[in-house]
Amino acid sequence: MLPIDAAAHSSRWRHRHPLEKALLGIGLTVTAVCLPPWPGGPLVGAATLCVLLGPAGVAGRQLWRAFRIPLGFCFTGALPLLVAVGGPAGFVSLAPDGPRQAAELLLRTSAASLGVLLFAFTTPVSDVLPRLVRAGVPAPVVDVALVMYRIGFLLLDSLTRIRQAQAARLGTTGRAAAWRSAAGLAATSFVRAFDRAARLQSGLAGRGYDGALRVLVPESPLSWRFLTWSGALLTGLAAVTLVLKELYL
């Protein structure tokens with residue numbers, strides 16, 4: 001199991017309805033995207049961090065390990081805005097308004113990424129997918145997603161075991177050995193993926209699979225107090241951002 005999935009299953013908000021956490025997490029993401037990047041980005045990011053490290057109970061080290069990857073994409077996406085290609089200044093030159101645009105994009109995307117992580121760290125995928133059928137998503141689509149989610153973890157476990165076996169047999173001691181091990185890892189994983197899929201299909205057929213995977217979904221009543229608190233937080237962030245924006249104009 002991936003660390004973020006393990007954290008979601010052990011979260012303080014594990015038994016809350018996914019709709020509550022979706023309203024808060026995705027609402028913070030939409031707020032970060034729609035509000036002006038300054039001061040909206042820092043305000044939304046700070047509020048999301050407070051919720052993650054406070055009421056949600058996410059460990060700071062776990063959050064950083066998950067956040068550094070999307071943060072790298074945020075930096076990568078902002079860097080091209082610093083340069084301009086073509087024009088009177090030359091083939092490649094510094095963009096006149098590049099630093100400001102890059103900073104705004106970085107503030108907006110990093111804050112939005114934290115909102116997505118809030119939902120991911122508090123809501124297991126196994127709680128979301130079965131409820132999508134009630135929301136109108138076709139059942140076969142949800143079934144395929146559930147199966148792929150399960151197979152993904154099985155393949156990750158297989159990759160880990162193969163890598164450990166290769167390392168125990170000195171398969172990574174040199175460049176040539178590392179390349180041979182990588183080729184063997186890819187080939188073995190490809191074969192095992194088909195084998196796992198065939199075994200899964202046989203298991204479903206043996207259990208009378210009729211086109212729908214029926215799972216028990218724990219009933220979690222909606223907390224109107226939580227929804228009200230989330231709406232007040234989003235409204236407050238929007239109001240404070242717009243007020244500060246007017247003051248600094």
Side-chain angles (χ1 to χ4, degrees), residues 1-35 40-74 107-137 141-142 145-153 156 213 215-238 240-241:
M1 183 176 290
L2 296 176
I4 193 169
D5 291 280
H9 280 278
S10 60
S11 171
R12 295 177 185 174
W13 291 355
R14 168 69 171 81
H15 300 290
R16 288 194 174 277
H17 197 284
L19 183 60
E20 301 175 8
K21 296 172 283 189
L23 174 64
L24 181 58
I26 301 177
L28 287 168
T29 300
V30 174
T31 303
V33 172
C34 296
L35 289 177
L43 287 176
V44 175
T48 310
L49 279 175
C50 291
V51 174
L52 278 165
L53 301 177
V58 179
R61 181 174 297 180
Q62 285 183 329
L63 177 60
W64 169 244
R65 291 183 61 184
F67 180 56
R68 61 187 180 183
I69 297 177
L71 185 61
F73 282 102
C74 295
L107 290 174
R108 180 170 284 167
T109 54
S110 58
S113 300
L114 285 173
V116 176
L117 288 177
L118 173 61
F119 182 71
F121 266 106
T122 56
T123 311
V125 177
S126 57
D127 286 354
V128 178
L129 290 178
R131 288 181 168 89
L132 292 180
V133 178
R134 302 179 183 178
V137 179
V141 176
V142 176
L146 281 170
V147 171
M148 294 305 298
Y149 179 69
R150 172 62 177 167
I151 289 179
F153 284 108
L156 286 175
L213 292 173
V215 297
L216 292 176
V217 180
E219 293 296 332
S220 302
L222 286 173
S223 172
W224 292 106
R225 181 179 179 182
F226 186 90
L227 293 174
T228 303
W229 176 84
S230 301
L233 176 62
L234 298 175
T235 305
L237 287 172
V240 172
T241 300

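Hydrogens, waters and symmetry mates are skipped; everything else that's a heavy atom, side chains included, is used.
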Derivation of the side chain to side chain contact (heavy atoms under 4.5 Å, CB included) call for V58 and W13
CA-CA 10 Å; V58 179; W13 291 355; over 6 Å; no

Would F121 and S11 satisfy side chain to side chain contact (heavy atoms under 4.5 Å, CB included), going step by step from the backbone distance to the final call?
CA-CA 7 Å; F121 266 106; S11 171; over 6 Å; no

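A distance-only check finds no donor-acceptor pair linking the side chain of R16 to the backbone of T123 [under 3.5 Å]. Panel note: side chain R108, backbone L35; a donor-acceptor pair is recorded below 3.5 Å.
A distance of 10.0 Å separates CG of L233 from CG of L23, quoted to the nearest 0.5 Å. In this structure, the separation between OG1 on T31 and CG on L43 is 11.5 Å, given to the nearest 0.5 Å. To the nearest 0.5 angstrom, Q62 atom CD is 12.0 Å from L117 atom CG.
Two residues are said to be in side-chain contact when any heavy atoms from C-beta on lie closer than 4.5 Å; S223 and W229 fail this criterion. When side chains are defined from C-beta on, R14 counts as touching P124, because their heavy atoms get closer than 4.5 Å. A heavy-atom distance below 4.5 Å is not found between the side chains of L28 and L114.
In terms of heavy atoms, A32 sits closest to V44 at CB-CG1, 3.8 Å. The shortest non-hydrogen separation linking L71 to S110 is CD1-CB, 4.1 Å. For A111 against G45, the heavy-atom pair with the smallest separation is CB-N, 3.9 Å. Across F67 and S113, no two heavy atoms sit closer than the pair CE1-CB, 4.0 Å.
Tested against L24, the residues T29, T122, L19, L118 include a single side chain to side chain contact (heavy atoms under 4.5 Å, CB included) partner, L118.
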